[in-house]
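Chain letters run A, B, ... following the sequence lines, proteins first, then strands; residues in each count from 1.
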2 protein chains.
Amino acid sequence: MKLTKHTDYAFRVLIYLAGYEKDKLATIKEVTAVFDISRDHVMKIVQKLAKAGFVDAIRGKFGGMKLGSNAADINLRDVVTLMEVTLAPVNCEEPPCRIAQGCVLQTLLFEAQELFLSHLGQYTLSDLIKPESETLYIIKALGESFAAGE
Amino acid sequence: MKLTKHTDYAFRVLIYLAGYEKDKLATIKEVTAVFDISRDHVMKIVQKLAKAGFVDAIRGKFGGMKLGSNAADINLRDVVTLMEVTLAPVNCEEPPCRIAQGCVLQTLLFEAQELFLSHLGQYTLSDLIKPESETLYIIKALGESFAAGE
DNA sequence: TCAAAAGATGTATTTATAATACCCCTATTA
DNA sequence: TAATAGGGGTATTATAAATACATCTTTTGA
Ligand code: SF4
Ligand code: SF4
């Protein structure tokens with residue numbers, strides 16, 4: 001009953017990018033350094049985010065990445081849906097459940113899951129990174145100390 | 001993002017017991033046969049349920065088990081809470097997240113989780129096994145065919 | 001034109017944890 | 001006292017997540 005690290009790593013990356021000035025590019029190297037996650041790992045996550053359009057990845061020298069759309073248009077539910085492999089709270093088929101037919105529990109679990117997701121669906125990336133928020137402040141500091149450390 | 005099989009197996013056992021006449025005992029063997037789960041596995045789950053008081057396990061010849069209280073008093077949220085090892089939707093400490101301080105996402109995820117759990121908290125075992133329900137009918141049939149097959 | 005910087009991608013390995021199995025114990029009662 | 005039924009520790013296996021490795025292509029400026 002928890003999200004995978006991939007999902008949360010995706011959020012970390014997105015939050016970081018959301019803290020950037022629009023159109024300024026961050027590199028994989030930077031995200032890797034700032035969050036202390038391996039390059040390969042970050043790559044996988046960024047690629048998934050890029051394919052879904054949440055980030056724009058620009059190849060080549062002086063390439064990098066930025067948000068694929070406005071932070072206000074990146075819905076948190078969509079990010080979870082993209083990153084999580086399994087969203088069903090229970091698998092009634094394997095092994096097959098003898099009481100699956102008409103099982104009320106099944107209905108309740110899916111309702112509960114929907115409440116979880118729809119709560120996230122009420123927010124976007126921009127809600128995580130409001131001006132004057134602590135997170136925004138921290139991100140800017142992390143970015144600066146990376147730039148300085150180069 | 002899903003419950004463990006243990007949790008659902010616990011529900012299967014509880015639902016089965018709830019379908020029994022009050023004070024009639026079911027055996028591990030019966031549950032094992034009906035749901036096609038190994039004895040050892042069922043044992044582990046029943047023991048956990050017994051320790052929490054959700055079922056009464058009676059040892060010795062002609063022993064068995066029954067619900068530890070009225071079906072209407074067994075809250076679904078409590079069952080999930082008991083069986084799930086990890087309920088936190090995200091672990092911000094391992095590996096430590098650099099933006100954990102003041103992270104809004106963290107708050108939102110825990111709120112979402114609470115919505116999930118509190119939805120289940122509105123129901124009890126008796127809601128899963130209403131008179132004339134399909135589930136109750138199926139359970140009785142399973143019990144009878146087990147009794148006949150002995 | 002080619003070297004450096006940056007992302008792309010497929011595959012393999014490792015690790016964590018859930019799931020299952022094994023073994024022997026204790027309690028109860030005809 | 002034998003048969004039946006649950007108790008509980010430990011070991012193994014399976015599955016999926018997490019991570020690592022290797023090798024690519026793209027872009028650009030010296
Ligand atoms: S008890 Fe209900 S929810 Fe659980 S596996 Fe069976 S059908 Fe699905
Ligand atoms: S981004 Fe927020 S929710 Fe995710 S690990 Fe960091 S603090 Fe926790």
Scan nucleotides 11-15 of chain C against the protein and return all N/O pairs shorter than 3.5 Å with their distances rounded to 0.1 Å.
{"unit_1": "C:dT11", "atom_1": "O4", "unit_2": "A:K44", "atom_2": "NZ", "d": "3.1"}

Exercise for the section: Return the value, rounded to whole Å, for the distance between atom NZ of B:K5 and atom C1' of D:dT13. Expected result: 13 Å
Problem - Atom-pair distance (CE on A:M65; P on C:dA5), nearest Å - result: 17 Å
Completion exercise
Between NZ of B:K48 and C1' of D:dG7 the distance, given in whole Å, is 16 Å
Exercise for the section: Taking only the side-chain heavy atoms of B:T4 (C-beta and beyond), determine which of C:dA19, D:dA20, C:dC22 contains the nearest atom. Expected result: C:dA19
Handout entry: Carboxylate-amine/guanidinium proximity below 4.0 Å for B:K66 and B:E21
Key = no
Handout entry: A:T27, nearest nucleotide to its side chain (from D:dA20, C:dA6, D:dG7)
Key = C:dA6
Between the protein and nucleotides 25-27 of chain C, are there any N/O to N/O pairs under 3.5 Å, and if so, what are the atom names and distances?
{"unit_1": "C:dT26", "atom_1": "O2", "unit_2": "B:R59", "atom_2": "NH1", "d": "3.2"}
{"unit_1": "C:dA27", "atom_1": "O4'", "unit_2": "B:R59", "atom_2": "NH1", "d": "2.7"}

Exercise for the section: If a pair satisfies side-chain hydrogen bond (donor to acceptor under 3.5 Å, both in side chains) and one of its residues is in residues 86-95 of chain B, list it, with sequence neighbours excluded. Expected result: none
Practice task
Could you please name the option among D:dG6, D:dA18, D:dA22 that lies closest to any side-chain atom of B:M43?
Solution key: D:dG6
Exercise for the section: Considering only NZ, NE, NH1 and NH2 on the basic side and carboxylate oxygens on the acidic side, decide whether A:D8 and A:R12 come within less than 4.0 Å. Expected result: yes
Exercise for the section: Name all residues meeting the ring-ring contact (aromatic ring centres under 6.0 Å, His included) criterion together with B:Y16; count only those two or more places apart in sequence or in a different chain, and write none if there are none. Expected result: B:Y20, B:F35
Problem - Interatomic distance where CD belongs to B:Q47 and C1' belongs to D:dA5 [whole Å] - result: 12 Å
Exercise for the section: Could you list the residues that satisfy ring-ring contact (aromatic ring centres under 6.0 Å, His included) with A:H41, not counting sequence neighbours? Expected result: A:H6, A:Y9
Handout entry: B:I45 CD1 - C:dA19 C1' separation (whole Å)
Key = 10 Å
Completion exercise
From NE2 of A:H41 across to P of D:dA20 the rounded distance in Å is 9 Å
Problem - Pairs touching residues 99-109 of chain A that satisfy side-chain hydrogen bond (donor to acceptor under 3.5 Å, both in side chains), sequence neighbours left out - result: A:Q101-B:E134
Practice task
Give the rounded distance in Å between these two atoms: CG of A:D8 and P of D:dA17.
Solution key: 15 Å
Practice task
Grab the CG-P distance between A:L25 and D:dT27 for me, whole Å please.
Solution key: 14 Å
